A.B. asks: 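Got a structure for you, questions after.
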Amino acid sequence: MQTSNSPFLHIDHVHKTFGETEVLSDIDIGLEEGGFLVLVGPSGCGKSTLLNMIAGFETPTQGDIRLGDRTLTGLHPSQRDIAMVFQSYALYPNMNVADNIGFGMETRGVKKNVRQKKINEVAEMLQIQPLLKRKPSQLSGGQRQRVAMGRALVRDPRLFLFDEPLSNLDARLRVDMRIEIKNMHDTLGTSIVYVTHDQIEAMTLATKIAVLNQGQVLQVGTPEEIYNTPANEFVADFMGSPSMNKAPVALDTDGSAVTIQLADQRLKLHNPSDALHSLAARQESVVLGIRAEDITTTLGQESLDENELPLTVQFVEPTGSDNFISAGDKALSFVSRAKNNVRPSVGDAARLKLDMNRLHFFSPSDGKRVG
Amino acid sequence: MSNASTHSSGFNISRLFLYIVLIIFAVYYLLPLYVMLVNSVKPLEEIRGGDMLALPDAFTLTPWAQAWSQAQIGVQATGLKPYFMNSLAMVIPAVLISTLLGALNGYVLTKWRFRGDGIVFGLLLLSCFIPFQIVLIPMARMLGIFGLAGSTSGLVLVHVVYGLGFTTLFFRNYYAAFPSELVRAAQIDGAGFLRIFLRILLPSSGPIIVVTVIWQFTNVWNDFLFGASFADVDSLPMTVALNNLVSSSTGVKEYNVHFAGAILAALPTLVVYVVSGRYFVRGLMAGAVKG
Ligand SMILES: Nc1ncnc2c1ncn2[C@@H]1O[C@H](COP(=O)(O)OP(=O)(O)O)[C@@H](O)[C@H]1O
Ligand SMILES: [Mg+2]
């Protein structure tokens with residue numbers, strides 16, 4: 001059932017069970033040609049399994065995966081026109097760097113001089129020419145990572161697969177390589193599926209993010225959509241650091257406007273959704289969410305504005321550029337982000353102004369977004 | 001300046017004690033070798049008349065020459081030489097084949113897992129613990145059926161079958177620590193079952209190959225029971241021939257020749273151990289290959 005506007009890569013209602021346990025359930029994700037799809041989720045949620053099915057190391061129990069105009073089901077990994085970079089790099093320990101990069105061509109019977117030429121091209125691109133004669137054991141982590149990328153690049157595939165490629169690098173190198181992968185994608189324009197449990201990697205690299213948890217896709221969207229309008233509490237918690245602040249609030253209505261009760265203040269919502277309107281009519285409770293950067297903390301409580309909460313500073317975490325200030329009362333506690341010159345002491349009185357346009361509301365029963 | 005260095009520079013009673021104990025044990029184990037060596041280069045009269053531990057008065061290599069090529073073993077006075085060759089003709093293929101098959105088994109059992117692979121491995125392991133005596137009669141029957149009774153090829157088969165449990169165990173454990181992502185990377189690169197084995201796993205298996213070869217060589221070379229049970233006169237291995245030399249020579253017991261023959265029989269395993277013994281320990285300790 002191939003239509004002209006179907007996506008370049010289509011993971012079409014895929015299920016996967018190992019024995020009795022269902023590891024992935026009804027995964028349906030499409031990626032346009034040239035896109036950068038990041039599969040993100042906590043460890044054990046099934047990201048690698050999904051990637052392995054695209055690569056052909058696992059077979060879907062149900063559903064189909066298509067790339068371009070053909071189905072991948074039944075094709076050997078070498079025939080799928082893909083290349084993969086593994087978490088452990090998986091460099092052949094007995095071969096030097098050049099042979100590692102050239103092994104695929106050697107298997108396909110490419111002539112030695114052609115092989116040599118391609119190896120050199122890739123080595124130049126990744127600046128690893130001086131390493132070509134070395135064995136993997138003589139390389140640093142970052143160099144191995146480069147060689148692994150080289151081995152993928154030389155295949156010139158239609159789709160790159162990355163399985164947590166940066167998780168074995170130290171923090172500094174991780175940031176550098178992240179930028180390089182992004183640049184590589186911008187230069188080559190080849191589609192990528194990238195697995196990570198690191199939400200920052202997901203935000204910085206992706207053109208499209210799929211958040212997975214316990215074998216299910218919770219939300220698919222651009223990084224902005226995922227960050228600004230998380231579909232449920234899990235996505236809201238998982239994406240962004242620090243995690244989104246949350247507090248249970250009672251909804252109420254004074255006829256036209258919807259209000260919430262927080263720290264003895266009554267706040268009027270801007271543009272509440274229809275769902276919130278009807279929940280408010282029944283005076284139900286919801287979970288309020290707000291990100292640290294959407295709260296402005298000012299010291300002192302002499303004059304309290306509308307939309308400001310009088311709270312006590314509980315904890316200050318300086319990160320250099322910003323200070324994360326925890327403030328609360330008996331019932332709630334909010335972390336806000338402030339400039340590094342705002343440095344209150346524990347016990348200080350503060351007032352927290354919430355950006356009323358950036359509130360999130362979730363149903364307390366199933367965690368779904370309601371406004 | 002570390003603490004350890006200041007400590008060890010002082011006189012240390014317990015360390016001295018340790019050395020003394022170690023030296024006593026070393027002497028205890030080396031004494032038989034010394035006795036054999038010393039007496040294998042003495043004329044027979046000197047052994048009879050004198051002290052087993054004394055160095056030779058009249059040094060001679062005649063006993064060695066006799067043991068090697070002149071002593072009466074069985075019907076003919078051929079010395080141990082043809083039997084030494086028999087043993088070589090048995091041990092080399094037996095070690096090579098069982099090591100290669102063990103490597104293949106280990107590869108399949110870890111990287112190409114199949115339903116029931118655990119049971120297969122369990123059965124292979126069990127074969128390590130079956131006492132030799134139990135299989136003697138069934139094995140003789142099998143060799144008869146295969147037409148290999150009394151031949152060196154028959155002995156090779158017996159030793160390959162018996163060694164397979166251990167060689168598989170060695171390689172399985174080694175390859176279990178070998179990252180499966182390597183096999184996957186090679187699959188994407190288009191390599192099949194055999195190419196992955198020959199180009200990637202086998203070349204990275206040096207340490208475990210050494211362990212397996214030493215283990216198999218020592219076991220096969222030193223085997224007496226299978227040799228005595230299944231070999232013919234013209235395929236008798238060294239161990240059985242040595243026994244015949246020592247126990248069946250008529251007339252005077254030529255102890256010096258016996259000693260020389262015993263050393264000749266032990267020599268190959270000794271050489272193998274001295275040459276590659278240090279890799280043995282290293283191979284047993286070796287863990288995963290870090291890509
Ligand atoms: N071959 C397998 N057999 C049985 N269970 C498996 C297998 N591979 C993965 N799993 C299970 O599937 C779940 C998802 O694993 P995985 O895809 O590796 O997660 P992630 O990559 O997101 O950390 C885990 O609970 C894991 O234990
Ligand atoms: Mg994983």
Side-chain angles (χ1 to χ4, degrees), chain A residues 19 48 51-52 54-58 75-97 99-110 115 135-139 141 143-145 147-152 154-155 157 159-161 163-165 168, chain B residues 99-100 103-104 106-119 171 173-213 279 282-283 285-291:
Chain A
S48 296
L51 205 67
N52 286 338
I54 302 175
F57 304 126
E58 304 278 3
L75 286 180
H76 187 266
S78 63
Q79 293 166 341
R80 297 185 169 212
D81 223 344
I82 52 150
M84 187 155 173
V85 177
F86 295 88
Q87 181 170 6
S88 68
Y89 315 132
L91 301 180
Y92 312 126
N94 52 310
M95 299 183 199
N96 68 24
V97 168
D99 292 341
N100 259 281
I101 296 174
F103 185 64
M105 289 186 281
E106 185 194 318
T107 333
R108 273 175 283 138
V110 175
R115 240 153 60 196
K135 290 278 179 69
S137 57
Q138 301 166 308
L139 302 176
Q143 290 170 332
R144 288 178 201 193
Q145 166 70 44
V147 176
M149 301 237 310
R151 193 172 57 183
V154 82
R155 293 182 63 81
L159 180 67
F160 283 109
L161 305 176
D163 191 354
E164 310 222 12
N168 287 341
Chain B
T99 302
L100 195 69
L104 258 176
Y107 171 53
V108 171
L109 288 171
T110 54
K111 304 298 171 223
W112 297 86
R113 307 199 47 185
F114 52 91
R115 201 176 288 272
D117 56 358
I119 295 171
F171 279 97
N173 288 354
Y174 189 77
Y175 289 153
F178 204 89
S180 295
E181 288 191 343
L182 274 170
V183 175
R184 298 188 156 175
Q187 280 183 289
I188 290 186
D189 272 342
F193 177 85
L194 262 187
R195 193 190 290 258
I196 294 175
F197 178 61
L198 295 176
R199 287 294 314 277
I200 294 163
L201 270 82
L202 211 50
S204 314
S205 308
I208 203 65
I209 291 176
V210 172
V211 169
T212 312
V213 165
Y279 297 107
R282 213 183 288 168
M285 315 283 273
V289 182
K290 283 277 186 292

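In this text, all values refer to a predicted model and were calculated from it rather than measured experimentally. All values below come from the heavy atoms of this structure, side chains included, with hydrogens, waters and symmetry mates left out. Residue numbers start from 1 in every chain, and the chains themselves are labelled A, B, ... in the order their sequence lines are given, proteins ahead of strands.
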A.B. asks: Does any backbone or side-chain atom of A:Arg80 lie under 4.5 Å from a heavy atom of chain B? Answer side chain, backbone, both or neither.
C.D. replies: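 Neither; nothing under 4.5 Å.
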
A.B. asks: A:Asn94 and B:Ser204: which non-hydrogen atoms are nearest, and at how many Å?
C.D. replies: OD1-OG, 3.6 Å

A.B. asks: Among A:Ser78, A:Pro77, A:Ala55, which residue has the highest count of heavy-atom pairs closer than 4.5 Å to chain B?
C.D. replies: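 Most heavy-atom pairs under 4.5 Å with chain B: A:Ser78.
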
A.B. asks: Let's test your reading of the structure: which of B:Ser180, B:Gly192, B:Pro203 forms the most heavy-atom pairs below 4.5 Å with chain A?
C.D. replies: B:Pro203

A.B. asks: Suppose a student defines contact as a heavy atom less than 4.5 Å from any heavy atom of chain A. Which residues in residues 183-191 of chain B would they list?
C.D. replies: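 Those residues of residues 183-191 of chain B which have a heavy atom under 4.5 Å from chain A are B:Arg184, B:Ala185, B:Ala186, B:Gln187, B:Ile188, B:Asp189, B:Gly190, B:Ala191.
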
A.B. asks: Where does A:Gln87 contact chain B at under 4.5 Å (heavy atoms): side chain, backbone, both or neither?
C.D. replies: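 Contact with chain B: backbone and side chain both.
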
A.B. asks: Is it the case that atom CZ in B:Arg113 sees more than 12 heavy atoms from other parts of the structure closer than 6.0 Å?
C.D. replies: no

A.B. asks: Check for a donor-acceptor pair, side chain of B:Glu181 on one end and backbone N or O of A:Phe86 on the other, with a separation under 3.5 Å.
C.D. replies: no

A.B. asks: Side chain from CB out, backbone as N, CA, C, O: work out which of these in A:Ile82 comes under 4.5 Å of a heavy atom of chain B, or both, or neither.
C.D. replies: both

A.B. asks: Check whether A:Met105 gets within reach of chain B through its side chain, its backbone, both or neither, counting any heavy atom under 4.5 Å.
C.D. replies: neither

